[in-house]
> 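I am attaching a structure below and will ask some questions about it afterwards.
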Amino acid sequence: MKIIRYSFMVLFTLCAVFDAYANNVQVSNTTLTNQNTGVQTTSVQFTISWDNSWRDIVNWDAAWVFVKYKKSDGIWRHATLSSFAGDHTAAGGSTITPSPDAKGVFIYRDANGSGNVSFSNVGLKWNYGIDGVGDNDLVTVKVFAIEMVYIPQGTLNLNSTSNNSYIGEIVDDGGSVTQITNESLLSEGAIRFRPEATGTYYTCGKGNYNGTTYGSDELNGSYPKGYGAFYCMKYEISEGQWVDFFNTLTTTQKSTRDITGNPGKFSDTIYYRNTIGWTVGDATSQRPDRACSFLSWMDGAAYADWAGLRPMTELEYEKACRGDQAVVSLEIASGTPTYVAATTISGTENGTEYITNSGANINSNSYAVPFTGGDGGGGPLRCGIFATASTSREQAGAGFYGVMELTGNLWEQCVTIADQTFDNLPTNAGLFDGGHGDGALSANGNANVSTWPGLVSGEVTGTKGAGSRGASWSYDSYAPYS
């Protein structure tokens, strides 16, 4: 999974530039420089910073950075950046790796280390001519950044024959398939997703699957199985990220993606700690660092498509949780079967609040036992609230590679194995292949990637093939990972 500014120059006129932030990543001081009218390119220059960064011999965190622009018609569009690393300017101590589809870049440390980072005068080459922008056009530009974690290639341990990890079980004639050791998994080692007399098949675990019916074919070689390397969002989507996304949509698209309506939370006021409000114009959030609840599969798919990302599969979810480690009976994402639910919040909930009851490392059961302190009530907490520069994996409630809140807080939406036939496609067609979004939604505000779950008449408006893992804040008991 890739799974979210002021200067005048001759000819190319900048109307306005916006700084953006999500969680603790911030983009500031953006300008457009070095316009080349001969090839119709310019450089989007900015400073980017975030907290608790790291790089070691195993993996690293990064920022996925992409650019949106609008012309005089007021419609926000996704900027086409150069896919050649040498066209971009990295700040000292950082590396830039552009995506092959030119939808964005990854920025991360160029050497091992840890702590807060700030990279100044980063420059991304924008091929504005490809996007239909003229040399004299008046444009507005926004730079968005989403914190990510690099998950390296490696073996994924799935389950034991007794299925005591509560993740479902992959079974063949000889017993249990306990490892995925390559991404192809064809022929004898293939995973099937319907029980058959022979061969390998997947049995649903205790996850919350939506509209599950069994297909009849093998996972193809392109289905991401967790062995290959991928990037995963470090945090769940925050309210601030959702509002930043929502406010770039047209009025029609906003009506579709409005989580304050039906379906959604049915309120523009605070409801179970969700503070987002919208009637007309721009949406607002009183708690931008808080994980955003009431997002459906269709909402998450739209966000991913808009950002040039994709949904993760449930096998990738397992990899992000467990890494290459052995299965632990009844484990949660932090690798142990034990946890302490958060109950007490200290400080104003402005992004600096923290949990004070001893040993807390998960948000679970706050529906039955509402929080004391802070804003109180039951609902999601701010993204990454259990992690500091000195916490261990277990103390932070983190997955093996440093991805946060994989258990508790909010359900993690993913592409299931159990159902690979989509609503409008016949059996054996439309298998998820890991394709990424292109930064543009349908006119109705829906994701429209042809191989994503829930595709109906070219748009993601259904849920077949989608599932949820990891439990949420409202559960007082749950199967780990599900």
Side-chain angles (χ1 to χ4, degrees), residues 21-26 49-54 61 114-116 145-149 232-243 270 272-276 285-295 320-321 332-336 338-412 470-476 478:
Y21 83 98
N23 302 316
N24 59 344
V25 63
Q26 297 189 45
S49 62
W50 67 92
D51 297 341
N52 300 325
S53 172
W54 80 89
D61 72 340
S114 62
N116 300 345
I146 299 173
E147 289 182 72
M148 310 291 285
V149 173
C232 177
M233 289 176 66
K234 185 191 291 187
Y235 305 110
E236 294 163 325
I237 298 171
S238 69
E239 288 192 10
Q241 285 175 307
W242 181 259
V243 166
I270 300 173
Y272 287 109
R273 292 174 56 84
N274 182 297
T275 73
I276 291 177
S285 166
Q286 298 177 43
R287 296 292 183 242
D289 298 297
R290 187 172 293 168
C292 188
S293 52
F294 295 98
L295 297 184
C321 289
I332 64 171
S334 59
T336 71
T338 59
Y339 63 88
V340 176
T343 60
T344 308
I345 300 171
S346 179
T348 302
E349 294 198 53
N350 59 5
T352 63
E353 73 276 15
Y354 55 97
I355 301 299
T356 54
N357 59 294
S358 179
N361 63 352
I362 190 173
N363 180 11
S364 174
N365 199 31
S366 64
Y367 178 84
V369 184
F371 298 116
T372 58
D375 295 337
L381 294 168
R382 73 168 169 88
C383 300
I385 195 169
F386 300 108
T388 69
S390 60
T391 47
S392 66
R393 173 190 175 190
E394 184 175 358
Q395 290 170 329
F400 183 74
Y401 296 106
V403 179
M404 302 302 302
E405 281 87 53
L406 287 165
T407 305
N409 214 39
L410 294 173
W411 288 99
E412 307 305 322
S472 75
W473 59 271
S474 63
Y475 274 61
D476 57 353
Y478 53 87

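Everything numeric here is computed off the predicted structure, so don't read it as measured data.
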> Hey, which of Thr343, Asn361, Ile385 is the one that makes side-chain contact (heavy atoms from CB on, under 4.5 Å) with Ile355?
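So the option named by the test is Ile385.
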
> Of all residues at least two apart in sequence or in a different chain, which pass the salt bridge (charged side-chain N to carboxylate O under 4.0 Å, His left out) check with Asp51?
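Scan of Asp51 (salt bridge (charged side-chain N to carboxylate O under 4.0 Å, His left out), adjacent residues dropped) gives none.
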
> Check side chain to side chain donor-acceptor pair (under 3.5 Å) between Asp61 and all other residues, then give those that pass, not counting sequence neighbours.
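Per chain and number, Asp61 pairs via side chain to side chain donor-acceptor pair (under 3.5 Å) with Trp50, Ser53, Lys234.
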
> Write down the atom of Tyr235, the atom of Cys383, and the distance for their closest heavy-atom approach.
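Closest approach of Tyr235 to Cys383: CB-CB, 3.7 Å.
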
> Taking only residues two or more places apart in sequence, or in another chain, which ones meet Gln286 in a side chain to side chain donor-acceptor pair (under 3.5 Å)?
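Not a single residue meets the side chain to side chain donor-acceptor pair (under 3.5 Å) criterion with Gln286.
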
> With a 3.5 Å cut-off and no angle check, do the side chains of Thr352 and Asn350 form a donor-acceptor pair?
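Yes, side-chain donor-acceptor contact under 3.5 Å.
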
> Tyr367 vs Tyr272, test: side-chain contact (heavy atoms from CB on, under 4.5 Å). Steps then yes/no.
CA-CA 9 Å; Tyr367 178 84; Tyr272 287 109; 3.4 Å; yes

> Identify, with sequence neighbours excluded, every residue that meets salt bridge (charged side-chain N to carboxylate O under 4.0 Å, His left out) alongside Glu353.
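For Glu353, the residues satisfying salt bridge (charged side-chain N to carboxylate O under 4.0 Å, His left out) (neighbours in sequence not counted) are Arg382.
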
> With side-chain contact (heavy atoms from CB on, under 4.5 Å) as the criterion, how do Val149 and Trp54 come out once you've worked through the C-alpha distance, each side chain's angles and the decisive distance to 0.1 Å?
CA-CA 10 Å; Val149 173; Trp54 80 89; 3.8 Å; yes

> Among Asp375, Thr372, Leu381, Thr356, find the one that has a side-chain contact (heavy atoms from CB on, under 4.5 Å) with Ile345.
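Testing Ile345 for a side-chain contact (heavy atoms from CB on, under 4.5 Å) against Asp375, Thr372, Leu381, Thr356 leaves exactly one candidate, Leu381.
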
> Ignoring hydrogens and angles, tell me if any N or O in the side chain of Thr407 forms a donor-acceptor pair with the backbone of Ala333 under 3.5 Å.
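Judged by distance alone, yes, a pair lies under 3.5 Å.
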
> Evaluate the side-chain proximity of Glu412 to Glu236: yes if any heavy-atom separation is below 4.5 Å, no if none is.
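A side-chain contact exists here, since the closest heavy-atom pair is under 4.5 Å.
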
> Side chains of Ser293 and Asn274: any donor to acceptor distance under 3.5 Å?
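There is such a pair between these side chains.
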
> Hey, is the main chain of Gln395 close enough, under 3.5 Å, to the side chain of Ser392 for a donor-acceptor pair?
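Yes: the side chain of Ser392 pairs with the backbone of Gln395.
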
> Does a donor on one side chain and an acceptor on the other come within less than 3.5 Å for Glu405 and Asn363?
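No, no side-chain donor-acceptor pair sits under 3.5 Å.
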
> What are the two closest heavy atoms between Leu410 and Cys292, and how far apart are they?
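In this case the closest contact between Leu410 and Cys292 is CD1-O, 3.3 Å.
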
> How far apart are the closest heavy atoms of Ala341 and Ser364, and which atoms are they?
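Heavy atoms only, the tightest pair is CB-O, 3.4 Å.
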
> The criterion is side chain to side chain donor-acceptor pair (under 3.5 Å); which residues satisfy it with Ser358, sequence neighbours excluded?
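Partners of Ser358 by the side chain to side chain donor-acceptor pair (under 3.5 Å) criterion come out as none, since no residue qualifies.
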
> Ignoring hydrogens and geometry, is there a side-chain-to-backbone donor-acceptor pair from Thr391 to Ala396 under 3.5 Å?
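Not confirmed, Thr391 side chain does not pair with Ala396 backbone.
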
> For Ser285, enumerate each residue passing the side chain to side chain donor-acceptor pair (under 3.5 Å) test, keeping only those at least two apart in sequence or located in another chain.
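Checked Ser285 against side chain to side chain donor-acceptor pair (under 3.5 Å); matches are Glu239, Thr275.
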
> Run the side-chain contact (heavy atoms from CB on, under 4.5 Å) check on Arg273 and Phe371 step by step: do they pass?
CA-CA 10 Å; Arg273 292 174 56 84; Phe371 298 116; 4.0 Å; yes

> Considering only heavy atoms from C-beta outward, does the side chain of Met233 approach that of Glu147 to under 4.5 Å?
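Heavy-atom side-chain distance check fails, nothing below 4.5 Å.
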
> Distance check, rounded to the nearest 0.5 Å: Ser334 atom OG versus Ile362 atom CD1?
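Interatomic distance, Ser334 OG to Ile362 CD1, rounded to 0.5 Å: 7.5 Å.
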
